[in-house]
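Here is the naming used below: chain letters follow the sequence lines, and residue numbers restart at 1 for every chain.
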Number of protein chains: 2
Amino acid sequence: MSIGSPNFNRQAKRREATRQEILAAAWEVADEQGIGAVTLREIAERIGMQPPSLYSHFPSKMAIYDAMYQQGWEEYLEVVCQLEPRLPAQPRAALATVAAEFFDFALAKPTRAQLMNERVVPGFVPTAQAYAPAVAALDNLRMTLTRLGASDEAAADLFTAVLGGLVSQQIANEPGGRRWRLLLERAVDMYADEVGMPGPRLTARTELAGSHS
Amino acid sequence: MSIGSPNFNRQAKRREATRQEILAAAWEVADEQGIGAVTLREIAERIGMQPPSLYSHFPSKMAIYDAMYQQGWEEYLEVVCQLEPRLPAQPRAALATVAAEFFDFALAKPTRAQLMNERVVPGFVPTAQAYAPAVAALDNLRMTLTRLGASDEAAADLFTAVLGGLVSQQIANEPGGRRWRLLLERAVDMYADEVGMPGPRLTARTELAGSHS
DNA sequence: GTCTATACTGTGATAGAC
DNA sequence: GTCTATCACAGTATAGAC
């Protein structure tokens with residue numbers, strides 16, 4: 001059978017389906033027991049395979065992590081692409097929307113966020129191909145920030161740091177809670193003030209302790 | 001031999017010395033090859049022991065990680081305790097000093113910072129005892145922030161998020177570099193402005209793109 | 001091409017001799 | 001307290017059935 005044969009499409013589809021099945025099982029294990037609990041045996045058992053059979057679809061366990069990493073960022077990229085044309089006109093409101101989307105996306109599946117943003121798997125470094133959608137998403141963010149008024153590259157770095165910090169604190173200290181989620185609008189205002197973004201604040205400014213005599 | 005016997009002190013000291021030797025070897029491996037590369041065999045080899053002998057001093061590998069975690073936070077706690085009486089009078093300068101100390105402490109040993117702040121070891125959760133110095137350090141930070149004018153609890157959470165975000169971005173994207181380190185003073189100003197901290201800014205405010213006609 | 005069967009290496013962990 | 005021996009399980013790899 002050659003590439004052009006009638007059976008090619010069918011077999012390729014079946015192969016891709018198996019690949020997705022493997023990844024789905026891997027995500028299942030990761031969500032239930034943590035990224036570190038993902039083993040080839042566990043994946044194989046869930047889809048009724050023998051562990052070595054997985055090597056017909058992925059060259060190594062790292063390749064599975066790599067595909068998961070890529071999948072996570074592709075999902076996020078799609079979210080922001082769908083979001084962008086529907087952003088509010090007000091710069092601060094737009095920034096708050098972007099921030100909320102990022103935060104909620106991360107907290108919806110903390111395990112996915114950990115794999116995407118932290119180094120939870122010892123020795124795992126995403127390949128260039130898997131890293132591509134992450135770069136695209138970051139470029140998109142930079143573009144949006146520039147459009148909204150945060151001109152310099154440093155401003156973009158500051159924004160990702162603030163946003164990433166809030167997400168990471170929420171996941172590490174209170175997964176499932178909203179303690180840092182509630183700080184999101186205030187953080188956006190803080191950032192918007194810093195980069196001189198116009199428009200009224202989204203949140204009321206907190207008074208300094210002792211300053212209200 | 002009982003607890004009160006003359007040999008107790010000597011034996012206890014020797015035992016504690018061995019414990020420290022094990023931990024030192026573990027840090028050595030972690031610094032050289034990453035936290036995930038720490039194995040009982042590698043530790044044992046470095047101090048001329050057989051791997052199972054480590055179990056005479058630590059009940060499990062997790063217990064070793066736990067002791068490392070505690071050690072890291074104890075080191076940081078000592079740093080901030082020595083720092084506090086020497087803080088500048090100006091609130092913003094004081095805040096900048098605290099932030100710089102935290103950042104530089106973390107970046108001095110990224111592996112230590114990862115263990116302290118991120119979930120790099122699958123399944124590892126610090127025990128209450130190991131977590132104690134971390135709580136003490138955080139309480140200290142909260143106290144300092146309150147004294148400097150950031151009254152509410154939310155303000156403290158916001159500060160740790162910003163600071164943690166900067167550190168985490170630096171470690172993840174450019175370990176050994178200074179890209180996010182250079183944003184530290186600006187971030188402190190941003191935060192100080194948000195909580196209404198008095199005093200002049202430490203950094204010049206960046207103009208909004210297009211606003212300088 | 002895909003799956004089964006089997007084996008190799010390295011890991012954390014335990015039991016028992018000294 | 002340290003050692004030797006051993007276990008269970010991980011990821012990985014290869015050979016061979018179909």
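Straight-line distance from the CD atom of B:Glu21 to the P atom of D:dG1: 15 Å, rounded to whole Å. For the pair A:Met49 CE and C:dT4 P, the interatomic distance rounds to 8 Å; values are reported in whole Å. What separates CD of A:Gln50 from C1' of D:dA15 is a distance of 16 Å, to the nearest Å. Whole-Å rounding puts the B:Phe58 CZ to C:dG12 C1' distance at 16 Å. Regarding B:Tyr55, its OH atom lies at a distance of 17 Å from the P atom of C:dG16, rounded to whole Å. As a whole-Å value, the separation of B:Ile22 CD1 from D:dG1 C1' is 11 Å. The separation between B:Ile47 atom CD1 and D:dT2 atom C1' is 12 Å, rounded to whole Å. Taking atom CG of residue B:Leu54 and atom C1' of nucleotide D:dT2, one finds them 11 Å apart after rounding to whole Å.
Of the residues near DNA chain C, A:Ser56 and B:Pro59, the one whose nearest nucleotide (by heavy atom distance) lies more toward the 5' end is A:Ser56. Projected onto DNA chain C by closest heavy-atom contact, A:Arg14 and B:Val38 fall at different nucleotides, the more 5' of which corresponds to A:Arg14.
Look at A:Glu174 and A:Arg181 and you find no salt bridge, because none of the NZ, NE, NH1 or NH2 atoms lies under 4.0 Å from a carboxylate O. Remark: B:Glu45 does not engage B:Arg41 in a salt bridge, criterion side-chain N to carboxylate O under 4.0 Å.
For B:Pro52, whose side chain is taken as the heavy atoms from C-beta onward, the closest listed nucleotide among C:dT14, D:dT12, C:dT11 is C:dT14. For B:Thr39, whose side chain is taken as the heavy atoms from C-beta onward, the closest listed nucleotide among C:dT11, D:dT2, D:dG11 is C:dT11. Considering only side-chain atoms of A:Lys61, the nucleotide from D:dG11, C:dT2, D:dT14 that sits closest is D:dG11. In this structure, the nucleotide among C:dT4, D:dC3, C:dC3 sitting nearest to the side chain of A:His57 is C:dC3.
Ring geometry, A:Tyr76 versus A:Phe102: the interplanar angle exceeds 60°, so the pair is classed perpendicular (tilted spans 30 to 60°).
A donor-acceptor contact shorter than 3.5 Å is absent between the side chain of A:Arg179 and the backbone of A:Gln170. A donor-acceptor distance shorter than 3.5 angstrom exists from the side chain of B:Asn117 to the backbone of B:Ala113, with no hydrogens or angles considered.
OP1 and OP2 of C:dG1 both lie 4.0 Å or more from every side-chain N or O belonging to A:Arg15. An OP1 or OP2 oxygen of D:dC9 is reached within less than 4.0 angstrom by no side-chain nitrogen or oxygen of A:Arg41. Checking the phosphate oxygens (OP1, OP2) of D:dG1, no side-chain nitrogen or oxygen of B:Ser53 falls inside 4.0 Å.
Nucleic acid contact class of B:Thr18 (heavy atoms, under 4.0 Å, all strands): none.
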